[in-house]
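Everything below concerns the one structure shown next.
Each chain gets a letter, A, B and so on, in the order its sequence line appears, and its residues count up from 1. The analysis underlying the following values was restricted to heavy atoms, covering all of them including side chains, and did not include hydrogens, waters or symmetry mates.
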Protein chains: 2
Amino acid sequence: MNEKHTIKNILKRCIESGFRMTEQRKLIATVLDKTIDHPHVEELFSRVNSEDPKISIATVYRTVKLFEEAGIIEKLEFIDGKTRYEDAEREHHDHLIDMQNGKIIEFVDKDIELLQEKIAARYGYKLLGHRLELYGKKIK
Amino acid sequence: MNEKHTIKNILKRCIESGFRMTEQRKLIATVLDKTIDHPHVEELFSRVNSEDPKISIATVYRTVKLFEEAGIIEKLEFIDGKTRYEDAEREHHDHLIDMQNGKIIEFVDKDIELLQEKIAARYGYKLLGHRLELYGKKIK
DNA sequence: CTAGGTGCAAATGGTTTGCTCGAGG
DNA sequence: CCTCGAGCAAACCATTTGCACCTAG
């Protein structure tokens, strides 16, 4: 039921992008590949750091930026002000954030995607991107 | 055609909230009332500063936060990382951002609002808030 | 070998805060 | 008056950068 890995993993795409694959970059790519939640950069750093205590947070920031610019991962910024990244090759989705516990639920809704394009068109615009986050609390 | 000011202005609501109305707060409220665009805090500061060169940016930050916590204005954070505020009493709307020139267009769409509630409900959530921004470029 | 990456610490930029003085009610 | 706000500068926090050293190819 989980189709997350029918696509090439991040590590592989990094290699194909022709990056010099240092130990640090390999490690960061591997950790990102294992990620199923939405850690912010500090949290990603601490996961990576637990496997390589020498790695610096500057390297993590530099590396995610590099991967992002290559279109391998995608930047997310929710209201907590912390940056998160997720695999860019995954099916497009938006996020529903649980305001009680911070949990992030991904969802896909074709109707809402279409509606957004229609709204942009209504104002004479071509939609290049969007950001949709729902903030809610569990019923009951 | 412009119904922006059929509601009480920000200054009035500040007074009714029982704030101690200092010169600085009055000035900030007044400038906010005159605002028709979406200046970020630094820009708001420079507008305010041009009327009172003594005012400090710390006061602007403290004041907008105060007004926000009282529900008088609403915080916006777009992808440029800068905070903007707008009158909270205005009709709810979302934003379409012109990626070529940074211009911000406001729009209202009932369908998209309803759809968002439906999506939240689908996951067992009550929608408390949302953030929807469309980024686009002008056609032709 | 050597271009380019890393670690470290210092710089940055937006925002917040501690402190002391000043002004609103 | 006396409490609360303002101005100032220093602190903060996430992120970026300069530099000397190191490593992948």
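Across B/Ile10 and B/Asp87, no two heavy atoms sit closer than the pair CG1-OD2, 3.8 Å. When all heavy atoms of A/Arg84 and A/Pro39 are compared, the pair lying nearest together is CG-O, 3.5 Å.
Separating the CZ atom of B/Phe45 from the P atom of C/dT16 is a distance of 15 Å, rounded to the nearest angstrom. Taking atom CG on B/Asp52 and atom C1' on D/dG5, their separation rounds to 14 Å, with Å as the unit. Remark: P of C/dT15 and CG of B/Leu44 are 11 Å apart, rounded to the nearest angstrom. Separating the CZ atom of B/Phe78 from the P atom of C/dG14 is a distance of 17 Å, rounded to the nearest angstrom. The distance from atom CZ of B/Arg25 to atom P of D/dG7 is 11 Å, rounded to the nearest whole Å. Computed from coordinates, the B/Ile15 CD1 to C/dG24 P distance equals 14 Å when rounded to whole Å. Between the P atom of C/dG25 and the NZ atom of B/Lys26 lies a distance of 7 Å, rounded to the nearest Å.
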Can you give me every donor-acceptor pair (side chain of residues 120-140 of chain A, partner residue at least two apart or in another chain, under 3.5 Å) with its distance?
| residue | atom | partner | partner atom | Å |
| --- | --- | --- | --- | --- |
| A/Arg122 | NH1 | B/Asp109 | OD2 | 3.2 |
| A/Arg122 | NH2 | B/Asp109 | OD2 | 2.9 |
| A/Tyr125 | OH | B/Asp98 | OD2 | 2.6 |
| A/His130 | ND1 | A/Gln116 | OE1 | 3.1 |
| A/His130 | NE2 | A/His92 | NE2 | 3.4 |
| A/His130 | NE2 | A/Asp94 | OD1 | 3.0 |
| A/Arg131 | NE | B/Glu133 | OE1 | 3.1 |
| A/Arg131 | NH1 | A/Glu77 | O | 3.1 |
| A/Arg131 | NH2 | B/Glu77 | O | 2.7 |
| A/Arg131 | NH2 | B/Glu133 | OE1 | 3.2 |
| A/Glu133 | OE1 | A/Tyr135 | OH | 2.5 |
| A/Glu133 | OE1 | B/Arg131 | NE | 3.1 |
| A/Glu133 | OE1 | B/Arg131 | NH2 | 3.2 |
| A/Tyr135 | OH | A/Ile79 | N | 3.3 |

Donor-acceptor contacts under 3.5 Å from residues 17-28 of chain A side chains, at least two apart:
| residue | atom | partner | partner atom | Å |
| --- | --- | --- | --- | --- |
| A/Ser17 | OG | A/Arg13 | O | 2.8 |
| A/Thr22 | OG1 | A/Arg25 | N | 3.2 |
| A/Glu23 | OE2 | A/Lys26 | NZ | 3.4 |
| A/Arg25 | NH1 | A/Arg20 | O | 3.2 |

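For the helix from C/dC1-D/dG25 to C/dG25-D/dC1, the end axes, each set by the C1' atoms of five terminal pairs, are bent relative to each other by 30° (nearest 10°).
Within the structure, every side-chain polar atom (N or O) of B/Ser56 is placed at least 4.0 Å from both OP1 and OP2 of D/dC8.
For the pair A/Arg47 and A/Thr35, the minimum side-chain heavy-atom distance is below 4.5 Å. Side-chain contact check for A/Arg90 versus A/Glu106: some heavy-atom pair is nearer than 4.5 Å. Side-chain contact between B/His93 and B/Glu86: present, with at least one pair of heavy atoms (C-beta onward) separated by less than 4.5 Å.
Qualifying side chain to side chain contact (heavy atoms under 4.5 Å, CB included) partners for B/Ile57, counting only residues two or more places apart in sequence or in other chains: B/Glu42, B/Phe45, B/Tyr61.
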How does each nucleotide of nucleotides 15-25 of chain D score, in 5' to 3' order, for protein heavy atoms under 4.0 Å: base (B), sugar-phosphate only (S), or none (-)?
-> SBBB----BBS
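Side-chain contacts under 4.5 Å among hydrophobic residues (ILVMFWY), followed directly or transitively, place A/Leu114 with no other residue at all.
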